[in-house]
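Data first, discussion second: the structure below is written as C-alpha cells.
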Amino acid sequence: MRISLLLPTLLLTVFSSSAQITVAHLLTENLSDPIGIDSRQPRFSWQLAAPDRNVLQTAYEIQVGDGPESGKIWNSGKVQSDQSLYIPYGGPAVASGQKYFWRVRVWDNKGRASGWSKPASWQMGLLTPADWKAQWIRVANEDPSQPSPLFRKTFIAQNGIASATAYITAHGLYEAQINGQRVGDAVLTPGWTSYNKRLQYQAYDVTGLVHPGKNAAGAMLGSGWYRGYVGFEGQHNVYGTELSLLFQLVIRYKNGHTDTVGSDGSWKTATGEVRHSEIYNGETVDARKEQKGWSLADFDDTRWETAQTADLPKDKLIATVNEPVTKHETFHAAKLLTTPRGEKVIDFGQNLTGWVLVKIRGKAGDSIRLSHAEVLDKQGNFYTENLRSAKAQDVFVLKGGGEEIFEPRFTFHGFRYIRIEGVDGAVNPDDFTAVVLYSNMPKTGNFNCSNVLIDQLQHNIQWGQQGNFLDVPTDCPQRDERLGWTGDAQVFSRTAAFNRGVDNFFAKWLKDLAADQVSNGAVPFVIPNVLGDGASASAGWADVATIIPWNMYLAYGDKRILEDQYPSMKAWVEYMRGQSKNDLWNTGFHFGDWLFYRPFDDNDGRSAVTDKYLIAQCFYAHSTQLLINAATVLGKKEDADNYTALLKRIKDAYLQEYMTPDGRLVSGTQTAYVLSLQFDMLPEALRKQAAERLVKNIQDYNYHLTTGFLGTPYLCHVLSRWNQTDVAYRLLLQDSYPSWLYPVKMGATTIWERWDGIKPDSTFQTPGMNSFNHYAYGAIGDWMYRVVAGIDTYEDGPGYHHSRIAPHPGGRLRSASADLETGYGKLSSHWEMKDDTFHLEVVVPANTTATVCLPAVDRGLVTEGGNNLSAVKDIQIEGIEKGYLLVRVGSGTYHFRVSK
Ligand code: BGC
C-alpha cells in the first residue's frame with residue numbers, strides 16, 4: 001500500500017532529476033535591478049531554461065520582500081498561468097525610495113518545479129513632489145556662452161551607512177560627483193524629453209561613494225537641449241534661459257535613520273574648466289581654469305559664491321524609463337592623413353556618434369582644436385559643408401606640465417574623421433581615441449549571411465541605429481538638426497527592435513509624443529517638439545503615433561504600450577477624420593515619399609513622384625487599421641467596430657479617387673503600388689495585377705528601387721507577399737544607384753540619408769541635405785530578419801510567444817542566420833544550402849512555440865535530427881502553405897534537412 005502510493009512520486013523525482021528547469025534573467029519593468037521606478041505596480045519578467053524540448057510554464061509563484069530572501073511583503077501564491085512576462089506586483093502600496101527584493105519559482109507542463117530564482121531587486125523613485133526635500137538652485141546667468149557652472153556642498157554622514165541614493169536632474173545637462181568621483185556612468189543626463197511637461201531625474205546607488213565623516217557632493221551643468229541651439233533655424237532657449245540643478249541625496253543608516261542632503265541656498269557655485277558647450281557647436285575646455293578637487297570635502301570654496309534657490313516646478317518630475325546614454329565602443333586611429341590642403345586628419349574607420357578623448361602634453365595655453373567630419377571630398381580634403389551651421393568643434397586648452405586628458409561632456413558629434421589643429425610638431429595618432437555614445441539598449445539581434453556586402457549593410461544598419469538612438473531617435477547626429485523626426489523613427493522602428501532592446505527607449509519617447517501632440521490630435525514633425533505646433537500632421541510622419549506602439553507590441557508582446565498610447569493613437573486618427581471630406585483626406589502639407597529617386601537630369605520623366613494625397617489616404621487607412629488592432633487587443637469592442645466601418649469608407653474613397661476601374665493608380669510609382677498593397681487598399685481581385693504592375697515598374701528601372709522614406713520599408717515585404725521574393729532579392733543585391741548596396745560599394749559604414757549621398761563620380765549631393773548617418777533606409781533590415789533568415793512573430797502570439805520561422809533561401813545566398821534575444825530567451829534561425837540540401841537549425845526558447853515553414857511540399861523529403869519527420873514525436877505537421885511545409889514545434893533545438 002505504502003509502496004504503491006510512493007511510486008508515482010518516486011518516478012517523478014527520477015524523471016525530473018534528469019532534466020531540471022531553472023528560472024533566471026529576472027527583470028523589473030524590463031530592467032535589471034533598476035533604481036528609481038515610478039510605477040506603483042512594477043511588473044516582473046523572467047525566463048525559463050530547460051535542456052529538453054517542449055517546455056511550457058504552467059504556474060508561478062512570486063515573493064517580494066525587504067531583503068533578498070524574506071518574501072515578507074507579498075506572496076502571489078501559486079498562480080496557474082503560462083505568463084512569464086510583465087506580471088504586475090500585487091502587494092501592499094509601495095513606498096517612495098524603498099528598495100524591494102523579489103524571486104520567483106515556476107512549474108512546467110512536465111510536472112517539474114524549479115527552485116527559487118536568485119533574487120532580483122528594484123528601488124522606487126520619489127513618487128510625489130513632496131518627496132523632494134531639495135530645492136532647485138541656479139546662478140542667474142542667461143548667457144549661454146557663459147562657462148558651465150559648478151555647484152557643491154559639504155555634509156557629514158554618520159557611522160553605519162546602509163545605503164545612499166542620489167536623485168538628480170537639471171535644466172540643462174548635468175554631470176554629478178561625490179567626493180571626487182563621478183556619479184554613475186550615464187552621459188548627457190537627464191536626457192531629452194518635452195522638458196516643460198516631463199522632466200526625468202536619474203536615481204543612483206552611491207553607497208560606495210559616501211563615507212562616515214565629512215563628504216562633498218556637487219554637479220556641473222551644460223546648456224544641452226534645454227537652452228542650447230536646437231533646430232535648424234538657430235533657435236535656442238527653447239525651454240528656458242537659465243541652468244538649474246536639483247540634487248537630493250538620501251543616506252539610510254543601519255539603525256533605521258535617514259539623512260537627506262538636498263540642493264538649497266547653502267550650496268556654493270563657481271565656474272570651472274568647461275568654458276562653453278553646445279550640442280551642435282562643440283565644447284571648449286580650458287584646463288587652466290580647472291577647479292582641482294572641486295567635489296572633495298576639503299576643497300577650499302571660500303571664494304565661491306552662494307547659489308540662488310529658484311522656485312521651479314517639481315510636479316513635472318518623472319523617473320527615467322529608458323536606458324541612459326552611456327559610452328560604448330572606442331576606436332583608435334585607423335590612419336593619420338595629411339590632406340591635399342595640408343591638414344592633419346585622423347580616420348577612425350567608422351562613422352560614429354560620440355566624441356574624441358585626447359591625451360596630450362604641451363605648454364600652458366596651447367590650444368588644440370578638433371573638428372569633426374563624416375567624409376573626405378573627392379580630392380581627399382576634410383569636408384564639413386554637410387554639417388550646415390553646426391560647428392562641431394572641440395577646443396582643449398592645456399595647462400602644461402605633463403600629460404593632460406581631455407574629454408567633452410555636454411556635446412556630441414557625428415564623425416569618422418577629425419581634423420587636428422594646434423599641435424606643435426608631429427601629431428601622434430595614439431593620443432586620440434574616439435568614444436562612441438548611445439542609449440544603453442541591450443543588443444538583442446544578429447543577422448549574417450554568405451554575402452559580405454549584405455553583412456556590411458547589416459553593419460551599417462546597426463551603426464545607423466547606434467548613432468541615432470541617443471535618448472531620442474534622431475534623424476542624424478552631425479548637422480544642425482539631430483531632432484526626433486517622427487517619420488524616420490516609424491519607418492525604422494521594427495528593424496530597430498531586432499537589433500536592440502528598444503521597448504523602454506520607445507516607451508519613453510512615445511510619452512513625449514503624447515505630451516506634445518497638439519490638442520486637435522495633430523502629431524508634430526519632431527518629438528520633443530521644438531518646431532512649433534504648426535509643424536505637424538504630415539502623413540507617414542504623424543502616423544508614428546500608431547505605427548510604433550503597434551510595432552513594439554508585436555516585438556515585445558507588452559499590452560501596456562497600447563494602453564498607454566491608445567488615446568494618442570485615437571486622437572491622431574480623429575485628426576485625419578476631422579480633416580477629411582467624404583472620408584478623403586486630401587489637404588494639408590505632407591513630406592510625401594521623401595527623397596525618392598529623382599535623377600539629376602530628368603529629361604524622360606523618370607523621377608518617381610508619388611501623389612502626396614494618395615500617400616496620405618494610404619496612411620490614414622493604415623493608422624485606422626492599427627487603431628482597430630489596438631482596440632481589439634484591449635477589448636474596446638465598440639471602437640473596433642466603429643473604426644472598422646470607417647476603414648471601409650476610407651478605402652472606398654481611395655479607390656474612387658486614385659484608381660481606375662482596371663486597377664491602375666494615378667501615380668504609377670513603386671511607392672504607390674507598395675503602399676496600396678501593403679495596407680490592403682485594393683479589392684482582393686485587383687491585388688495580383690497590382691503586384692505585377694509593381695514588378696513591371698521595377699523591371700523598367702532595370703531592377704532598381706525608386707522609393708523614398710515611405711515606400712522603402714515595405715517594398716520587399718510586398719514583393720514577398722505576392723510571391724516575388726526573387727525580385728526582392730534582386731533589389732537587395734543590386735549595387736548600382738539607387739540601391740541599398742550602392743553606398744556599401746562606395747565605402748559607407750552607416751546608412752546614408754540619400755541613395756546617392758556620394759555620386760558615382762565621387763562628388764556629393766547637395767550639402768543642405770546630405771547626412772551620411774540617417775537610418776531610415778536601413779528599414780530593409782526588418783525584411784532581412786523576417787524573410788531572409790525568417791524570424792517573425794504571430795500577431796496573436798506577440799513578442800515571439802508563438803514565433804514563425806520562415807526562411808526564404810534565394811539571391812544566390814548559400815546561408816543566412818539570425819538570432820534574437822526575445823523576452824523568453826534566444827530564438828534562432830540558421831539556414832544553409834549544402835549539396836542541394838537545405839539545412840535549417842532552429843532554436844525556440846522555453847515557454848514558447850514556433851511554426852517552422854520548411855521549403856518543401858513533400859514531408860518525405862524532410863528529416864529532423866536525422867529522423868523522418870513522422871518519427872519525431874514532438875513535431876506536429878500543420879499543413880502546406882505557398883510551397884512551404886508548416887510544422888509546429890515547442891521549445892528546443894531542431895536540425896531540419898530538406899533534400900531536393
Ligand atoms: C530630416 C529628415 C526628416 C525630414 C522631413 C529632414 O531635415 O533630416 O530625415 O524626416 O527633414 O522630411
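In listed order, ligands and their atoms are each counted from 1.
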side-chain hydrogen bond (donor to acceptor under 3.5 Å, both in side chains) test vs S771 passes for just one of E481, Q478, R479, R388, namely Q478
Here the atoms of ligand 1 under 4.0 Å from any heavy atom belonging to D475 are 1 (C), 8 (O), 9 (O)
For Y438, is the NZ or CZ atom of R500 found under 6.0 angstrom from the centre of its six-membered ring and inside 45 degrees of the ring axis?
no
Atom 5 (C) of ligand 1 sits nearest the protein heavy atom W485 CZ3, 3.4 Å
Short version for F232: what comes under 4.0 Å of ligand 1, heavy atoms counted, is neither
Check for me whether the distance between the ring centres of W485 and F709 falls short of 6.0 Å. no
query: Between H717 and D782, does any side-chain donor sit less than 3.5 Å from a side-chain acceptor?
result: yes
Under 4.0 Å between heavy atoms, the region of R479 that gets near ligand 1 turns out to be side chain
(Q) Quick check: R388 and ligand 1, any N/O pair under 3.5 Å apart? (A) no
CA sep, side-chain torsions, deciding dist, call: Y775, F469, ring-ring contact (aromatic ring centres under 6.0 Å, His included)
CA-CA 10 Å; Y775 50 61; F469 278 48; 5.5 Å; yes
query: Are the ring centres of F331 and F348 closer than 6.0 Å?
result: no
What verdict does the ring-ring contact (aromatic ring centres under 6.0 Å, His included) test give for F591 and F589, after you've listed the backbone C-alpha separation in whole Å, the side-chain angles of each residue and the deciding distance to 0.1 Å?
CA-CA 7 Å; F591 292 111; F589 166 80; 4.9 Å; yes
If we number the atoms of ligand 1 from 1 as shown, the ones under 4.0 Å from a heavy atom of D488 are 2 (C), 3 (C), 9 (O), 10 (O)
Taking only non-hydrogen atoms of E753 and a 4.0 Å limit, the atoms of ligand 1 in range are 8 (O)
Is F709 close enough to touch ligand 1? Criterion: a residue heavy atom under 4.0 Å from a ligand atom. yes
of all protein heavy atoms, closest to atom 7 (O) of ligand 1 is E481 OE2, 2.5 Å
Near H774 (heavy-atom distance under 4.0 Å), the atoms of ligand 1 are 1 (C), 2 (C), 8 (O), 9 (O)
With heavy atoms and a 4.0 Å threshold, my read on which part of W541 contacts ligand 1 is side chain
Ring centre gap for Y785 and F498 strictly below 6.0 Å: yes
